[in-house]
A.B. asks: 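Once you've had a glance at the structure underneath, I'll fire off some questions.
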2 protein chains.
Amino acid sequence: MEKQDVDRTLSLMWRRALGVPQGSRGPRQRFSVDEVIRAGIAVADEEGLPAFSMRKVADRLGLKLMSIYTYVPSRDELIGLMVDDVMGEAELPPHRGDWRERLTVVARQMWDEFHRHPWLLQVEQSRPWIGPNGSDRWEWQLTAIEGAGFTDLEMDQVITLISDFTMASARADVAARRAAEQSGISDAEWWAVNAPVLDRVMPPGAYPISGRVGTTAGEEYNAVRDSERSFRFGLDRILDGIDHLLASRPRAGG
Amino acid sequence: MEKQDVDRTLSLMWRRALGVPQGSRGPRQRFSVDEVIRAGIAVADEEGLPAFSMRKVADRLGLKLMSIYTYVPSRDELIGLMVDDVMGEAELPPHRGDWRERLTVVARQMWDEFHRHPWLLQVEQSRPWIGPNGSDRWEWQLTAIEGAGFTDLEMDQVITLISDFTMASARADVAARRAAEQSGISDAEWWAVNAPVLDRVMPPGAYPISGRVGTTAGEEYNAVRDSERSFRFGLDRILDGIDHLLASRPRAGG
DNA sequence: CCTAACTCCGTATGCTGCACGGTATTTCGG
DNA sequence: CCGAAATACCGTGCAGCATACGGAGTTAGG
């Protein structure tokens with residue numbers, strides 16, 4: 001990645017704050033960057049990131065492949081722009097209630113977003129782009145726990161913890177859904193193929209605990225996995241742990 | 001993916017338990033499946049999953065491309081075999097200490113493994129393969145908290161929580177390292193390009209809390225992010241939260 | 001008015017996974 | 001001992017990908 005691309009992409013990120021660029025020579029672009037980004041999001045929503053290609057974005061707009069490169073420097077940068085764009089969809093309402101309720105809202109918002117745009121989980125950002133919507137959200141998330149009694153460092157760590165956990169839970173959930181929908185093999189068929197081999201191959205009694213736990217979980221979930229429930233369980237534990245951190249030290253303010 | 005491939009891959013997964021297949025006609029294979037898998041792991045270790053290709057595996061063994069397909073059904077299945085193989089590297093020592101120490105060992109083992117083989121974080125398993133090493137580990141992880149006072153369902157959820165969080169933390173850490181190493185742009189250069197644009201574009205005072213928290217964190221970490229420290233912070237919170245769950249109910253056994 | 005700058009696009013390069021079919025090799029059935 | 005079947009290995013081809021390069025047409029500034 002070239003430095004000039006970094007600069008150009010950053011300028012594209014903050015295009016609203018920077019205002020319309022000066023009129024320049026040559027033909028006008030047929031579309032706006034926003035339209036290209038939205039076309040990209042549409043493709044990614046429908047087909048996922050692995051199947052996301054520059055050609056499909058071009059086709060969707062009625063452009064030919066190479067014209068896309070006059071709008072954005074490359075595929076990776078377009079994806080970065082798509083990510084920040086999508087982060088602008090969610091509202092950032094004023095916070096209500098105590099920090100626990102607030103963090104629940106923060107986590108749930110991310111959870112919902114990952115389900116609305118599952119390809120977000122497939123983005124491999126080497127270095128995260130700093131865009132306006134991401135920045136606004138980061139500020140909003142920190143505001144949720146401002147004044148709750150954390151040090152600045154802990155505020156960073158708490159939001160990181162919530163974000164990381166939510167992302168991992170959503171990833172597991174989305175992967176499970178995708179497996180059921182698009183692999184062409186249902187859960188039942190999958191087990192019908194697996195079971196005979198595993199019966200033949202797993203030494204009887206080799207997995208006493210996982211056998212017991214897996215059976216219980218399977219019955220309770222009515223599936224191999226209930227990610228929504230695991231998410232709520234994990235979030236509750238994490239919030240309890242954060243509560244313990246606050247309770248274990250002398251209160252500063254009310 | 002075809003059902004027969006599922007069956008074939010499962011048989012490959014459990015190849016040791018199934019024993020050597022009957023002698024059959026035709027020339028012997030020049031290599032063993034294990035050698036192909038190990039070659040694949042070597043390629044993935046060196047170049048990461050995106051650059052992992054069947055051709056490179058073939059080259060490494062001195063085979064031509066298409067010969068690899070006589071060993072494994074396809075790229076995805078080879079990756080599945082690589083994953084289970086890698087999970088056999090870690091020792092599963094008898095558990096010592098209380099459940100808290102044990103879960104720390106469980107988490108740390110995964111953390112180390114993701115750093116030894118960062119490509120594990122890039123694997124997109126639609127449906128996870130059930131292999132011997134993965135099964136052994138799952139049993140070992142559950143054993144760590146057997147008898148600690150959890151219900152069977154909670155045992156599943158606790159291990160899922162630890163796994164999900166560790167995976168997400170490791171992902172963040174590995175991504176940060178990769179950015180620094182391979183993007184060709186150092187942290188300093190990155191900020192040198194970012195700062196002027198952001199100064200021009202972020203309204204002054206628009207991000208009071210993130211500005212303050214980011215500065216504190218940056219000074220404390222000596223970097224944008226200290227993932228190792230965030231991991232330890234998060235894990236401590238989670239363990240506290242789990243402790244709270246156990247403490248909040250009548251003890252069953254000692 | 002002319003030229004620089006720009007958009008759009010055709011073409012080419014070098015990757016990828018993998019389907020198909022051919023040839024050489026080995027073993028089993030008779 | 002011989003023929004047929006099965007298998008390993010590989011050459012070729014197809015379709016898809018990102019993107020580099022250069023050309024043709026368009027617009028605005030000097």
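Reminder, nothing fancy here: chain letters follow the sequence lines and each chain counts from 1. Keep in mind that the numbers below use all heavy atoms, side chains included, and drop hydrogens, waters and symmetry copies.
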A.B. asks: Strictly below 4.0 Å: does S67(A) bring a side-chain N or O up to OP1 or OP2 of dT7(C)?
C.D. replies: no
A.B. asks: Identify, with sequence neighbours excluded, every residue that meets side-chain contact (heavy atoms from CB on, under 4.5 Å) alongside P132(A).
C.D. replies: M13(A), W14(A), D84(A)
A.B. asks: If the condition is side-chain contact (heavy atoms from CB on, under 4.5 Å), which residues does E228(A) pass it with, not counting sequence neighbours?
C.D. replies: R108(A), W111(A), D226(A), R232(A)
A.B. asks: Got a sec, which residues hit ring-ring contact (aromatic ring centres under 6.0 Å, His included) with W138(A), two or more places apart in sequence or on another chain?
C.D. replies: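 Not a single residue meets the ring-ring contact (aromatic ring centres under 6.0 Å, His included) criterion with W138(A).
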A.B. asks: In degrees, rounded to 10°, what is the bend between the two ends of the helix from dC1(C)-dG30(D) to dG30(C)-dC1(D), using five pairs at each?
C.D. replies: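 What I find for the helix from dC1(C)-dG30(D) to dG30(C)-dC1(D) is an axis angle of 10°.
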A.B. asks: Strictly below 4.0 Å, heavy-atom distances to any atom of DNA chain D: list the hits from residues 26-37 of chain A, or just say none.
C.D. replies: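 Nucleic-acid contacts, sorted: G26(A), P27(A), R28(A).
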A.B. asks: Can you tell me how far C1' of dT19(D) sits from CE of M66(A), to the nearest Å?
C.D. replies: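 Atom-to-atom, M66(A) to dT19(D), this comes out as 5 Å.
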A.B. asks: Could you work out, with ring-ring contact (aromatic ring centres under 6.0 Å, His included) as the rule, every residue matching F165(B), not counting sequence neighbours?
C.D. replies: F231(B)
A.B. asks: Once you round it to whole Å, what is the distance between P of dA18(D) and CG of D5(A)?
C.D. replies: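 D5(A) atom CG is separated from dA18(D) atom P by 16 Å.
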A.B. asks: Rounding to an integer number of Å, can you tell me how far E47(B) CD sits from dC15(C) P?
C.D. replies: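 The distance from CD of E47(B) to P of dC15(C) comes to 12 Å, rounded to the nearest Å.
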A.B. asks: How close do Q157(B) and Y221(A) get, counting heavy atoms only, and between which atoms?
C.D. replies: CG-OH, 3.5 Å
A.B. asks: How far does CH2 of W129(A) sit from CG of L10(A), to the nearest 0.5 angstrom?
C.D. replies: 6.0 Å
A.B. asks: Among residues 70-83 of chain B, which contact DNA chain D at a heavy-atom distance under 4.0 Å?
C.D. replies: T70(B), Y71(B)
A.B. asks: Taking S53(A)'s backbone N and O only, do any of them form a donor-acceptor pair with R75(A)'s side chain (distance below 3.5 Å, no angle check)?
C.D. replies: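 No, the answer is negative, given that no donor and acceptor are paired below the 3.5 Å cut-off.
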A.B. asks: Going by number, which of residues 51-65 of chain B have a non-hydrogen atom under 4.0 Å from DNA chain D?
C.D. replies: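 Heavy-atom cutoff 4.0 Å gives L63(B), K64(B).
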A.B. asks: From the options dT27(D), dC18(C), dG29(C), select the nucleotide whose nearest atom is closest to the side chain of R25(B).
C.D. replies: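 Looking only at side-chain atoms, R25(B) lies closest to dG29(C).
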A.B. asks: Identify, with sequence neighbours excluded, every residue that meets side-chain hydrogen bond (donor to acceptor under 3.5 Å, both in side chains) alongside R16(B).
C.D. replies: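 For R16(B), the residues satisfying side-chain hydrogen bond (donor to acceptor under 3.5 Å, both in side chains) (neighbours in sequence not counted) are D34(B).
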A.B. asks: For the pair F52(A) and Q122(A), evaluate side chain to side chain contact (heavy atoms under 4.5 Å, CB included) and give the outcome as yes or no after the intermediate values.
C.D. replies: CA-CA 11 Å; F52(A) 169 88; Q122(A) 300 173 307; over 6 Å; no
A.B. asks: Residues two or more places apart in sequence or in another chain: which of them pass side-chain contact (heavy atoms from CB on, under 4.5 Å) with V193(B)?
C.D. replies: K3(A), V6(A), D7(A)
A.B. asks: Starting from C1' on dA8(D), measure out to CD1 on I68(B) and report it in whole angstrom.
C.D. replies: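 Whole-Å distance recorded here is 12 Å.
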A.B. asks: Report the residues that fulfil side-chain hydrogen bond (donor to acceptor under 3.5 Å, both in side chains) with E47(B), sequence neighbours left out, ordered by chain and then residue number.
C.D. replies: K56(B)
A.B. asks: Between atom CG of L78(A) and atom CG of L12(A), what is the distance when rounded to the nearest 0.5 Å?
C.D. replies: 10.0 Å
A.B. asks: Mind checking what makes side-chain contact (heavy atoms from CB on, under 4.5 Å) contact with R28(B), not counting sequence neighbours?
C.D. replies: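 For R28(B), no residue satisfies side-chain contact (heavy atoms from CB on, under 4.5 Å) once neighbours in sequence are set aside.
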